[in-house]
Peer 1: 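The structure is given below, and queries will be raised subsequently.
To find a chain, count down the sequence lines: A is the first, B the second, and so on, and within it residues start at 1. None of these values were measured; they are calculated from a predicted model.
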Amino acid sequence: MIRRTILRITKRILPNNSLLRRVLKKLAIRLGLISPFYADGRYREWVVSTEKMFWTPQRDLGYKPLISIIVPVFNAPEEYLLEAVYSVVNQTYGNWELLLVNASTLKVTRDATASCSNIDSRIKVVDIHKNLGIAGNTNIGIKHATGEYIALLDNDDTLAPEALYEVACELQGSDKPDFLYSDEDKISPDSEQRFDPHFKAGWSLHTMRQVNYLNHLTVLNAGMLKKAGGYQPGFEGAQDYDLYLRVIDAGAIVKHIPKILYHWRAIATSTAANFSSKDNVLTAGKKALSDHLSRNGLQGEVTSIDNQPGFYDITYKASALEVAIVILPSTDSQQYAEYTRQLMRLVSGVKGVHVYICNLKANKKMLSMYENVLTSVHADSTEEYLTKVKNVSTAETMVFLGAALLWNEEDDWLERVAGFLGQCLDVDVVVPLIIDELSNRIIDAGSVKIGATEMPLFVGYPVGAHTFLGNSTWTRHLDRCSGRCIVVRKEAAAKIVASNPSSIEDIARAVTEFSRETILWPRTKLNYAGDFRTVFTGGNDIMPIFCFSHQELSFDKSTYYIPSGADNA
Amino acid sequence: MHNAVRQRAKTAFIIVCWNNQDLLPECLASIKAQTNTSHKVIIVDNASHDASVEVARKEMPEAEIIEEKENHGFAKGNNIAIQKALEDEEVGYIALLNTDARIESTWLEILTDFCVSKPQAACMQGTTLDYYNHDVIDSTHIFISRNGQGTQGNWRNISQTEFGPKKVFGVNAAACLITRKFIEAQPFGTELFDELMFMYLEDVDLAARATTMGWDNYLVPGARALHMGSASSGKNPGFSLYYTFRNNSALLLKNLPFRMVLAMTPAILKGDLDTIATLRHRGQNKATRMVIKGRLVGLLRLPLYWKKIRALRRARSVPYEYLWYLMQRGY
C-alpha cells in the first residue's frame, strides 16, 4: 500500500520518461530500493511454496546413466560461471560429469575456468585456444563427452538441484526417450529474483515448426547426437534449432519434464532480456526449418514473422483448393441472412469454395446471384442439415462455422489451412483463433486439459500476449475446442457428422472423440461479430492458471500434452 | 606408513572440555560407535575444576588428553589440539565435536567419503538436529545475515528427508570435519581459529575465511548429529551477548571486503537496535548493557586484528558478487 502511494506521488511529480525521473530511477535501482526487473509476485509465491531447496525427496533409481553436462565458456562474468558450476556440484543426482570448454579470451575468465577443476573431481576443463563460436565450442565438448546422455548448460545459467534427478527418473523404464526437455524460467542478474516462467506444452512437432520452444533444458542421447554430427556450421544464431530438428528427424523419442529445472540468466548481452532480430539469425532459422521440411518431404515456404524474431510461418503448398464452408443454422433468420451476405462477399471470388446454408427462404436474389457457390439445404434439424450437406459435398476440407465469425478480406487463410491439412496428414482438425477485433483480445483459443479440469486458453488476453504458457500466437495441440469454428479433413468430417451433432457443443464433443489431432492455428484470426461480453464477463475474467495461489498448486499439466502413444510427425 | 601419508585418511576428533563431566560419556560413546574406525581422539581440558579429566580417562583410555593450566577458551583450546593432531602424519581430517554434541554412527564415514572427490573442500557438516527433539534442526549451515550477525541456517526448522549435498557459506563447529589441506593453507601459520576471539563467532569467522579464500564448505545431509546447544555458556546470556557483539565487528572487517561492510552498516545498526529492543521487551535490561559494551569494546579492539586483516585481504580470491550471493542465502 505504501508502495502504491509512493508510485502515485511520483507519477504526479515526475512525468513519464522525463530526465529527472530516469536519473532517480537509476539511483533507486542502485540503492536497491526497486528492482530493475518486473518480478510477478504470484510466480514468486508459487516458487517459494513449491520449491524445496533443501529437502528434495528422491527415490532409489535402478538405472543411473552418466550424464555429461557441456558448458561452453566464453568470457562469462566470474560470478555467473561459479553459480553455474556450483549448481551442477549441488545436484542431488551424483552420476554426472561437467565439461567446461574453455574458449575465453579474457585471462580472468580463463583462470577462473581452469581453477574450477579443483572444485570436484567430476569436473573436466577442455582448453581450446581459438574461439570457434558457441556451436564449434560445444562440438568439441561433445567430442570429449563420455556420458550416455548429454545436457547443455550456458555459462551464465543455473540448474535446479533436482534437475538431473528428474531427468534420470524419466530414463527409467524400457522405452527410454532420446530427447528430454523441461520447463524453464528466468533469473535476475543478482540471482535474487525468478520471473517469467515458461511452462511448456508437451511435444508437438507443429509447435516446433513455428518456434524453437524446447530451448532449455535439453538432454539428448549422446549416441544420437554424435551420429547426427553435433552442430553444423552455417546456422549461427539458430544452431540449436537446426540441431534439434535434425535429431528429431533422425527418430528421437521426445519427452517433456513438466518441472522448472533451468534458470536462464537475464542480462543485457544474453538473448533472455534482449532478443534482437539480427538478419543472420532469421536466415539461419529459416534455413534450418526449410531443411527440416525437405527432409520430411513437405513442401512449404518459410517466412519469419516481422516483429517476432524466432517465430516462423510456413505456407504449405496447396494442391487444388476444395473447401466447403458449412454455416451452422441459427434461430435469428434475419441475422443469418445478413451474415451469409457478408460471408459471400468474402469468399465469392475464391475459386474452389462452396458455401452451404440452411433454410434460407428469404432473399432469392442472393441465392441466384451466387448460384454456383451457394447452396441452400432444407432441413428441420441441425443433424439432418449436416447429414444432407455431407452427402452432397465432396470437398477435401470442410469448415463448420457458427454464424457470428468473420475474417479479414486480405486474409487468404482458406488456401493456407487447406495446404496445411493437405500436407500434414496427421492433423484432422484445425481451429483458428477467435478474437474481438475492436479490443484485440482473444475470445476463444480452444481448451486444454489440466489434471481433471478443462481450461480454456488465453480467454481475455491480448492477441500476441506472451504468457506463462508461451506466446498466445503459437500453433498448439488442443485437447478440446469450443466448436465455434473448425476446419476438418473430409474423413474426419464424415465421422463427426455421423455422430449426429445438434449443437456447437456436440460438434466439440465429436471433435474430441474422432479427431486424431486437433491443432490451434492462431495465424488466422476470426473476428467474433457478436457481443464479446457474452463470452467472458469482462473485468477480471482471466484464466485460472495465472493465479499461482496456494490452492492452485496441483498444477499438473500432464494431460495438456499429446499422449505418449502418438507419433512424431 | 608411506601409503598412509599419501592418503592421509585418518581423522583426529578434537573435543574441548570445560566442566562437562556429565556430557562427556555420551559424546565419547558416539565416537566409539563410528563405522569408520580410522580415527583418534584428542581431548583438551581447559582447566576444569570438576572430574571431567577422570571421566574422560575412564570412558576412553586410548584418547590423548591435554590438560591446560588455565581456561584458554574455545579458539585457543582447539588450536592447541589441532597442532598436536597435525604432528601425526597420518591425520588428514580434523573433526571438531562439542561436548554437548553426539554423532550418528555413519557420520564420519559419510563425510570422509564425500570429500575424497573434492580437492577444494575446507569444512563439512551433516544435518545437526536438536538433541531434545530429533525432528527439529539445530543447524544445517551458518552464514552471515544481512545485518552482519552470524546465523545458524534452518534453525528450529522441521527436518525432512533430504538429499543432495550443497555448497554452503559455512558450517557449525558443533560437529564438523575440516580437511588438513585447508588448515595448512592458512595465511598465518596453522592457527585455525582466531584466538583473539575468546569464544563465540570463531566458527563464523572460520566459515567466512574459507569462503573468501575460495575454498568450499559443504553440507552433507546424510551425516546426522545431535546438539544440545550452548551447554557450557547458556547459563549466562549476558556473557554470550557480550562476546558475540564484541567479536562481530572484527569478524566482518577481517573477512569481508570493506565496501561490503560499508553497504551493510545501516542494516547492522538496525540489527543492533532490534536486538536491544527485543531484550528490553523481554525484561533483560542488564543484557542491553552487555550488547552496547560488547559493540564498543569490539570496535576498540580492532587495531589488534590489523595484521590479520592485511594478510586475509591478500588471500581473498572469491569474486565480490558471488560472495554477495552466498551471503544473502547462505547456500
Peer 1: Quick one: what part of A/Tyr93 sits under 4.5 Å from any heavy atom of chain B, side chain, backbone, both or neither?
Peer 2: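 Neither; nothing under 4.5 Å.
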Peer 1: Let's test your reading of the structure: which of B/Val318, B/Asp216, B/Leu323, B/Leu326 forms the most heavy-atom pairs below 4.5 Å with chain A?
Peer 2: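 Maximum pair count with chain A is reached by B/Asp216.
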Peer 1: Answer yes or no: are there more than 12 heavy-atom neighbours, outside B/Arg313 itself, under 6.0 Å from its atom CZ?
Peer 2: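 Correct, the count exceeds 12.
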Peer 1: Does any non-hydrogen side-chain atom of B/His227 lie less than 4.5 Å from one of B/Asn98?
Peer 2: yes
Peer 1: Within 45° of the axis and under 6.0 Å from the centre of the six-membered ring of A/Tyr63, does NZ or CZ of A/Lys176 qualify?
Peer 2: yes
Peer 1: Give the member of A/Val108, A/Val89, A/Asp120 that has the highest number of heavy-atom pairs under 4.5 Å with chain B.
Peer 2: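 Winner by heavy-atom pair count: A/Asp120.
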Peer 1: Which atoms of A/Ser115 are under 4.5 Å from chain B, going by heavy atoms: the side chain, the backbone, both sets, or neither?
Peer 2: backbone
Peer 1: Is it possible for you to check whether A/Arg122 lies under 6.0 Å from the centre of the six-membered ring of A/Trp96, through NZ or CZ, and within 45° of that ring's axis?
Peer 2: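 Yes - A/Arg122 lies over the ring of A/Trp96, closer than 6.0 Å to its centre and within 45° of its axis.
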Peer 1: Do the charged groups of A/Arg194 and A/Asp185 touch, with an N to O distance under 4.0 Å?
Peer 2: yes
Peer 1: Has B/Phe258 got more than 12 heavy atoms of other residues, nucleotides or ligands less than 6.0 Å from its CZ?
Peer 2: no
Peer 1: With a 4.5 Å heavy-atom cut-off (strictly below), which parts of residues 114-122 of chain B touch chain A? List them by number.
Peer 2: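 If one takes a 4.5 Å heavy-atom cut-off, the residues of residues 114-122 of chain B near chain A are B/Ser117, B/Lys118, B/Pro119, B/Gln120.
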Peer 1: Got a sec, which residues hit side chain to side chain contact (heavy atoms under 4.5 Å, CB included) with B/Tyr132, two or more places apart in sequence or on another chain?
Peer 2: B/Asp130, B/Met228
Peer 1: Does atom CH2 of B/Trp155 have more than 12 heavy-atom neighbours, drawn from other residues, nucleotides or ligands, at distances under 6.0 Å?
Peer 2: no
Peer 1: Which atoms of B/Tyr218 come close to chain A, meaning under 4.5 Å heavy atom to heavy atom: side chain ones, backbone ones, both, or neither?
Peer 2: side chain
